[in-house]
Chemist: 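To start, I am sharing the structure in question, which I have written as structure tokens.
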Protein chains: 2
Amino acid sequence: MSSSRFPIPQGTLDMLVLQMLSLGPAHGYGIAQRLHQVSREAVQANQGSLYPALHRLEQKGLLKSDWRESETGREAKFYSLTRAGEKQLAVEKESWNRLTAAVRLIFNEGR
Amino acid sequence: MSSSRFPIPQGTLDMLVLQMLSLGPAHGYGIAQRLHQVSREAVQANQGSLYPALHRLEQKGLLKSDWRESETGREAKFYSLTRAGEKQLAVEKESWNRLTAAVRLIFNEGR
DNA sequence: ATCAGTTACCTCAACCTTCGATGTAATGTA
DNA sequence: TACATTACATCGAAGGTTGAGGTAACTGAT
């Protein structure tokens with residue numbers, strides 16, 4: 001409630017979704033929960049961002065989906081990484097690392 | 001040329017510009033140069049992103065500008081941080097740190 | 001039986017930023 | 001003369017996030 005939430009920058013959500021799915025298949029709602037828990041409440045995936053993200057990732061061939069029964073016994077759409085998705089995750093991690101390294105340099109210059 | 005450039009995520013450029021100006025006043029072109037040098041060629045600010053960013057930051061009252069003679073003896077628009085800009089920079093740094101910390105958690109979970 | 005809360009999916013318009021292209025103009029240099 | 005650099009600017013296209021709204025089924029409590 002009170003903790004000021006930072007915005008998730010453009011493109012970052014895709015990477016986080018791919019990362020979550022690298023731990024195994026999950027449905028949309030579950031991905032949001034994983035993200036929330038694993039980040040210790042820091043990341044709160046908006047449903048209005050998450051579902052479109054899943055759709056475009058699937059359309060790009062980075063994910064595939066099928067309907068299965070969820071842990072609660074209800075039908076849910078489970079997503080899993082494709083080979084291309086794994087590769088893309090590696091690429092985006094690498095980009096992220098370069099970006100954060102650059103920002104670190106920028107902040108540390110001129111102490 | 002060959003080094004694949006990562007995109008600067010939405011909102012990040014503003015923070016980087018503020019940070020550059022926290023080192024002292026500079027004109028747009030100079031900010032781009034500082035960014036490029038300080039980041040060791042990793043960040044390449046697009047002029048089509050940079051000038052609009054400067055304009056909106058000034059409009060928000062985070063920067064102020066005046067025309068002065070540049071190092072090369074030509075007229076240039078020098079920007080400098082306002083008090084509000086300094087505060088905003090602190091806020092955005094804090095957000096950035098929370099974001100990167102969260103992403104680090106997400107990546108490290110499940111090694 | 002009803003009400004609230006949770007699980008689980010989805011869509012849409014508004015907003016904002018980045019990108020790449022394009023344009024102007026002055027200076028320096030080969 | 002011609003090209004690269006400095007230095008400003010604008011514009012449309014593209015793309016993703018947000019917040020709001022909507023559907024539906026299941027659970028537990030009153």
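Please read all numbers here as calculations on a predicted model, not as lab measurements. Below, chains carry the letters A, B, ... as their sequence lines are ordered, and counting in each starts from 1.
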Chemist: State whether the side chain of A:T12 and the backbone N or O of A:I8 hold a donor-acceptor pair below 3.5 Å, judged by distance alone.
Modeler: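 No, because the side chain of A:T12 does not come within donor-acceptor range (under 3.5 Å) of the backbone of A:I8.
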Chemist: Surrounding CZ of B:R40 (heavy atoms of other residues, nucleotides or ligands, distance under 6.0 Å), is the total greater than 12?
Modeler: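 At most 12 heavy atoms, drawn from other residues, nucleotides or ligands, come within 6.0 Å of this atom.
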Chemist: Rounded to the nearest Å, what distance is computed from the NZ atom of residue B:K77 to the P atom of nucleotide C:dA25?
Modeler: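 B:K77 atom NZ is separated from C:dA25 atom P by 17 Å.
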Chemist: Please determine whether a side-chain nitrogen or oxygen atom of A:H55 lies at a distance below 4.0 Å from atom OP1 or OP2 of C:dT11.
Modeler: yes
Chemist: Does A:R68 form a salt bridge (charged side-chain N to carboxylate O under 4.0 Å, His left out) with A:D66? I'd like the steps, not just the answer.
Modeler: CA-CA 6 Å; A:R68 299 187 217 161; A:D66 49 7; 3.3 Å; yes
Chemist: Could you tell me whether B:G30 contacts a base, only the sugar-phosphate backbone, or nothing, with contacts defined as non-hydrogen atoms closer than 4.0 Å?
Modeler: nothing
Chemist: Identify, between B:E71 and A:D14, the residue whose nearest nucleotide on DNA chain D lies closer to the 5' end.
Modeler: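 On the 5' side of the pair lies B:E71.
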Chemist: If you take all heavy atoms of A:V17 and A:L57, which pair is closest and at what distance?
Modeler: CG1-CD1, 3.9 Å
Chemist: Does C:dT17 have OP1 or OP2 sitting under 4.0 Å from an N or O in the side chain of B:S49?
Modeler: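 Looking at the OP1 and OP2 atoms of C:dT17, neither is under 4.0 Å from any side-chain N or O of B:S49.
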Chemist: To the nearest 0.5 Å, tell me how far A:F107 CZ sits from A:T100 OG1.
Modeler: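 Rounded to the nearest 0.5 Å, the CZ-OG1 separation comes out at 12.0 Å.
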Chemist: Return the value, rounded to whole Å, for the distance between atom CZ of A:F6 and atom C1' of D:dT17.
Modeler: 14 Å
Chemist: When you measure from the side chain of B:Y51, which nucleotide among D:dG19, D:dC8, C:dC10 comes out closest?
Modeler: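 Of the candidates, D:dC8 comes closest.
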Chemist: For A:A76 and A:Q10, find the nucleotide of DNA chain C closest to each by heavy atoms; which residue's nucleotide sits nearer the 5' end?
Modeler: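 Here A:A76 is the residue nearer the 5' end.
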Chemist: Base of C:dC9, side chain of A:Q47 - is there a donor-acceptor contact under 3.5 Å?
Modeler: yes
Chemist: If you check the A:S70 side chain, which of C:dC10, C:dA8, D:dG16 turns out closest?
Modeler: C:dA8
Chemist: Given D:dC8, C:dC19, D:dT18, identify the nucleotide with an atom nearest to the side chain of B:P7.
Modeler: C:dC19
Chemist: Considering only side-chain heavy atoms of A:R56, which listed nucleotide, D:dT17, C:dT17, D:dA25, is closest?
Modeler: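 Given the options D:dT17, C:dT17, D:dA25, the side chain of A:R56 is closest to D:dT17.
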Chemist: So what does B:G11 hit on the nucleic acid, given a heavy-atom distance under 4.0 Å: a base, only sugar-phosphate, or nothing?
Modeler: sugar-phosphate
Chemist: Of the nucleotides C:dC10, C:dG20, D:dG16, which one has an atom closest to the side chain of B:N46?
Modeler: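 The closest nucleotide is C:dG20.
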Chemist: What is the distance from CG of B:L16 to C1' of C:dT17, rounded to the nearest Å?
Modeler: 14 Å
Chemist: Nearest whole Å is fine: how far is D:dG15 C1' from A:Q59 CD?
Modeler: 14 Å
Chemist: Could you tell me the separation between the CZ atom of B:R34 and the P atom of D:dT6, rounded to a whole number of Å?
Modeler: 15 Å
Chemist: Would you say the side-chain atoms of B:S39 pair up with the backbone N or O of A:A102, donor to acceptor, closer than 3.5 Å?
Modeler: no
Chemist: Can you measure B:R68 atom CZ to D:dA7 atom P for me and round it to whole angstrom units?
Modeler: 14 Å
Chemist: Which residue lies toward the 5' end of DNA chain C, B:L13 or A:Q33, if each is placed at its nearest nucleotide?
Modeler: A:Q33
Chemist: Nearest to the A:P52 side chain among D:dC8, C:dT11, C:dT27, which nucleotide is it?
Modeler: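 Comparing D:dC8, C:dT11, C:dT27 against the side chain of A:P52, the answer is C:dT11.
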Chemist: Which of the following nucleotides, C:dA26, D:dC8, C:dC19, is nearest to the side chain of B:R74?
Modeler: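 Looking only at heavy atoms from C-beta outward on B:R74, the closest nucleotide is C:dA26.
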Chemist: Separation of A:L54 atom CG from D:dT17 atom P, in whole Å?
Modeler: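 So the CG-P distance, A:L54 to D:dT17, works out to 11 Å.
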Chemist: For B:G48, answer base if it contacts any base atom (sugar-phosphate contacts may also be present), sugar-phosphate if it contacts only those atoms, and nothing otherwise; contact means non-hydrogen atoms under 4.0 Å.
Modeler: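 Answer is base: heavy atoms of B:G48 come under 4.0 Å of a base.
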Chemist: Quick one: is C:dT27 close enough that its OP1 or OP2 comes under 4.0 Å of any side-chain N or O from B:T72?
Modeler: no
Chemist: Using whole Å, report how far NE2 of A:H36 lies from P of C:dT7.
Modeler: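 In whole Å, C:dT7 P and A:H36 NE2 are 12 Å from each other.
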